[in-house]
Structures are given as structure tokens and as C-alpha cells.
Amino acid sequence: MRGDIVIAGVGHTAHGKLPDRSTTSMNVEACRKALADAGVEKGMVDGLFVKYPTSQHRSMYGQIVAEALGIQPRIGGVWDQGGATNISMISFAAMAIEQGQCEVALVTIADNPRTGTRQAYERAWGEDDVYGWFGTPAGYAMIARRHMEEFGTTHEQLGAIAVAARRHGANNPDAQLRKPLTLEEYAVSRPVVEPLRRDDCCLISDGGAAVVVMSAERARSLKVDAAVPILGFGQGQTSWEVAQRPSLTETAAAVSGRTAFEMAGLAPKDIQVAQLYDCFTITPLMTLEDYGFCAKGEGGRFVEDGAIEIGGALPVNTSGGLLSETGMPGMQLVIEGVRQIRGTSTNQVPGATTSLVSNQGGIMHTHSTLILGA
Amino acid sequence: MSEMPEPGITPVNQPFWTALERGELTFQRCGSCGGAWLPAREECPRCLAAEPGWEVASGRGRIISWVVYHHAAHPGFADRLPYNVAVVELDEGPRLITNILADEGDLGIELPVVVRIEREATFSLPRFSLA
Ligand SMILES: [Zn+2]
């Protein structure tokens, strides 16, 4: 099914503080813009895949969004894989379309942890709050420490990922944080949970983003302007608790990436630009290893000396990623992956014909991969 | 002083907390396949048999990784900052979240540790010191 399904349109709200906006309203705005971008009437939409909003629990939230959109999808609902959800939903939409379960799908996310509640991000992990074990950054710090001790990965190498993201974000008019960062500034960034520092941690943002998925054939018959073919996708999972997984330094990106590359008939050397989920700097570093862009333990050396900045060997997170564009988990990376193939990024890789995107949820628990191409 | 979190004691994990009161660190072992694990659960995650038994640990293990908190996510830990949280693997196999009773500069992965059960206000916790 390589290339048989396309992303026909993309849309998003502003990023940052959006007080007084409900997640439903932001989902509707993102979907309205994605439909307009594709040139598709909402009446054609018969699939609706919605990410679970972390800031507010509402039963059957997918149906609430469908009602606000004024549509009656044949297939739809809410999916929850944390930050891995968006690419996973795109792949479920693609499979549903291939199987004739729907024809035109909207895949959408909206959340407001910045001005609403962020309880989901601050809870204790399991029963271990008695030891002071709280929060998402600590889980990533536990993994980062092991990687640094096992392979000699340095703070400066983690910093190179933040520096690249902030450089790219500074040149993206839509980015929430447009202040570039130097390695010197990174070095004095205050510790949050060591070994992670403030500038290793992603933004917390309100916002919404959506894409329209359909068959390439349908896109041709509808004369969609800039449909971007999906070449491959994959997913993978490991233990829920960090303490329970066999290795802290190998992630589900390995199986997810392998599945996606096999489907696309491509290898890492064929990829020209990558959007790698960067909730914390350690995440893209290990994703590069597990995808096979370099050997296990070599991720630190891979990202040094501007290699992942625009103009480098493999530009990564060219819109600024979660560290600079928006902390909204994952769909913005997909949209930037689409822009790179369309040639419309503010940090365009000239002539890019292959574009890889990763999403990741939990403490490196769930991973999903998307490969787009011209 | 802010209230500290307390363990969520359930019928399933109660033997773990009761053993700590006696000064013993325990883990579960499957009566069917011999698999060993923490935290407590009703079924063996390896063979799915519902025959968990409790066994006293040697108390020896090694550090898998650790972090150091510089801000308190819970007000009860504010006066302990900075403090560490570690993953320790027991010699018998189960892994647990814990604290290491040592200076941060002395910590390292794979270092051997030994359990030291410490009394908190209303319960006891298995922490570890460098062996
Ligand atoms: Zn068993």
C-alpha cells in the first residue's frame, strides 16, 4: 500500500497560551483549516480519529467532536497512546480506508495543558511516590542518565539537539518560543531533574492540529493541490513503567522504525529530513540510534557540530519541534513533515523527496513512525 | 511541614509492607514457573498463573540508573532537595524504584548496593546503601 494513501490537507491553531478555548473548539478550528487546505467539503468526511485530551476527561469525546463538526462518521472515536497517538491514528485511518471502512478521514488533536490543568503530566508513577518519584521529566532523566553512563553521551550533545530546535524555531513565525539558544546558554540552564536541565524539556502549549487522510486515487479525482503520499508507518511498545523494562537504552522506536522502513522500501540513508518527537532532548538522540541512522550509543556524536541543523547532514525538527514550535504532542511534527515534501517549510530542505516523522508516548513506552515522500 | 505521601496498601501488596515492618524486603515468586517480580500483582506476568508466593530477598542488588530532583513535584519533599531516586535490580531479578543513601558524586550504574530498611512516620521503606 506504499503511496496509496495521502495526507491531503493540514491545519492548526495558534500555538502557546490560548485561554478560554475549549479543546472541542480548537479541534474544530484545526479541522476547518485542514479541510480548507485540502479543498474538501466536510460532508465528505466519514472517518474521525481524535486524540484523547489530557487536560479534561470526557467520556466518548470523539463523538462530542463529531457533533461539533456537524458530521456523522461511519468510523471514529478517541485513541490514547500519549504522544504516539497522532501517527498511530493516521495509520489506523489509512488501514480503514484501504479496507473500505471509510473514504475521507479527519485525524485531529487539541489540548490545553498550558492554561488548563496539567495533572496528567505531574502525577506520581505507580506506587512509588513514597520515594519522591514524580513527574514525566524524571522518567526521561532516568533513561538519559543510563545512556550517558553507558555510552559516554554528554550534556553538550543533548544541548546540540536543543540548539538546533531553537535555531529552527526562531525562523518559524508560528513558533511559540522564537529565542535562539547557544551551547553556552544551555550549559548554565538550571537543572530540573538531573541529568536534565530546563532547556532539555519541551514547551507546554495549548493548541490544536489536524490532517485529512484519503486514498491517492480519491485525491486525484478531487484535484487536491498538494497531496503528500504516505510511504510507510509502524508502531511499537515496551513496558509501562521505566523500572520494568529489560533495557533502559533501547526503545520501541527500533521495531516501529523497522516496520515503517520495510513498508516504504527505504533505509535511513534515503531520508532527507526528519521530525523526531522531542519531548526531551534524549528522545530524538535515542530515536536516531533505534531507527538505524547510527549505531546504538553513537547518537550523541551523530547530533554534534550542527549535523542536525538546516544545512547539516540530516536536518531534524525543522519547524522547531516540541522544544520550540509547540509542546503539543506530535501532530505539528507531521504537518512539518508534509510542508517539507510540499516545499513550503520556513526552514526548507531544498528538493526534499523523503521525510520521516516520529511520535512517542509515555516514558518512551509507545512509538509510532511515519514516512512521507514525493 | 507538608504531609508526605503514604503507600497505597491493598490486599495484594499488603504482605510487602508488613514484611518491611519486620525488617524484611520481599518479592513475589510464581509457584508455577518460578518467575520473580515486583511490584505485587495477582498473576505472574511471565506465565499468567495466579499462584504468586512471597520470598525474602537477599537484599543485594545493583544500580540500573538514578536521577536527582532539584525541585519538589510534591511539597512533602521540598526540605529534602536535592534528593535522588534510583532503579535497583535485586540479585533475584525484580526491579524497584528506591532511594540510594549516598552522596550523588559516589553513584554509578552497575554499582552493588545493599538494602537498608528505614522507618518513616507510619510505614517502612526499603532504601539502599553502596555495598
Ligand atoms: Zn509464572
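Throughout, protein chains are lettered first and strands after them, A, B, ... in sequence-line order, and every chain is numbered starting at 1. Computed from heavy atoms alone, side chains included, the values below leave out hydrogens, waters and symmetry copies. Because the structure is predicted, anything quoted here is derived from the model rather than measured.
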As a quick check of understanding, evaluate side chain to side chain contact (heavy atoms under 4.5 Å, CB included) for Val192(A) and His71(B), giving each step before the final call. CA-CA 6 Å; Val192(A) 178; His71(B) 94 115; 4.2 Å; yes

How long is the straight-line distance from [atom2] of [Y] back to [atom1] of [X], given to the nearest 0.5 Å?
X: Glu241(A); Y: Ile97(B); atom1: CD; atom2: CD1; result: 7.5 Å
X: Asp128(A); Y: Thr98(B); atom1: CG; atom2: OG1; result: 9.0 Å
X: Leu248(A); Y: Arg95(B); atom1: CG; atom2: CZ; result: 6.5 Å
X: His70(B); Y: Arg190(A); atom1: NE2; atom2: CZ; result: 11.0 Å

If every non-hydrogen atom of [X] is compared with every non-hydrogen atom of [Y], which pair is closest and at what distance?
X: Pro5(B); Y: Val130(A); result: O-CG1, 3.8 Å
X: Asp129(A); Y: Phe77(B); result: O-CZ, 3.3 Å
X: Ile109(B); Y: Arg146(A); result: CB-NH1, 3.7 Å

Can any side-chain N or O of [X] pair as donor or acceptor with the backbone N or O of [Y] at less than 3.5 Å?
X: Tyr69(B); Y: Phe134(A); answer: yes
X: Arg145(A); Y: Trp66(B); answer: yes
X: Tyr83(B); Y: Gly132(A); answer: yes
X: Ser65(B); Y: Met142(A); answer: yes
X: Asn99(B); Y: Tyr131(A); answer: yes
X: Gln244(A); Y: Leu38(B); answer: yes

Counting only non-hydrogen atoms closer than 4.5 Å, does Glu6(B) touch chain A with its backbone (N, CA, C, O), its side chain (CB onward), both, or neither? backbone

Under 4.5 Å heavy-atom distance to chain A, tell me which part of Ala72(B) shows up: side chain, backbone, both or neither. neither

So what's closer than 4.5 Å to chain B heavy atoms on Arg245(A): side chain, backbone, both or neither? backbone

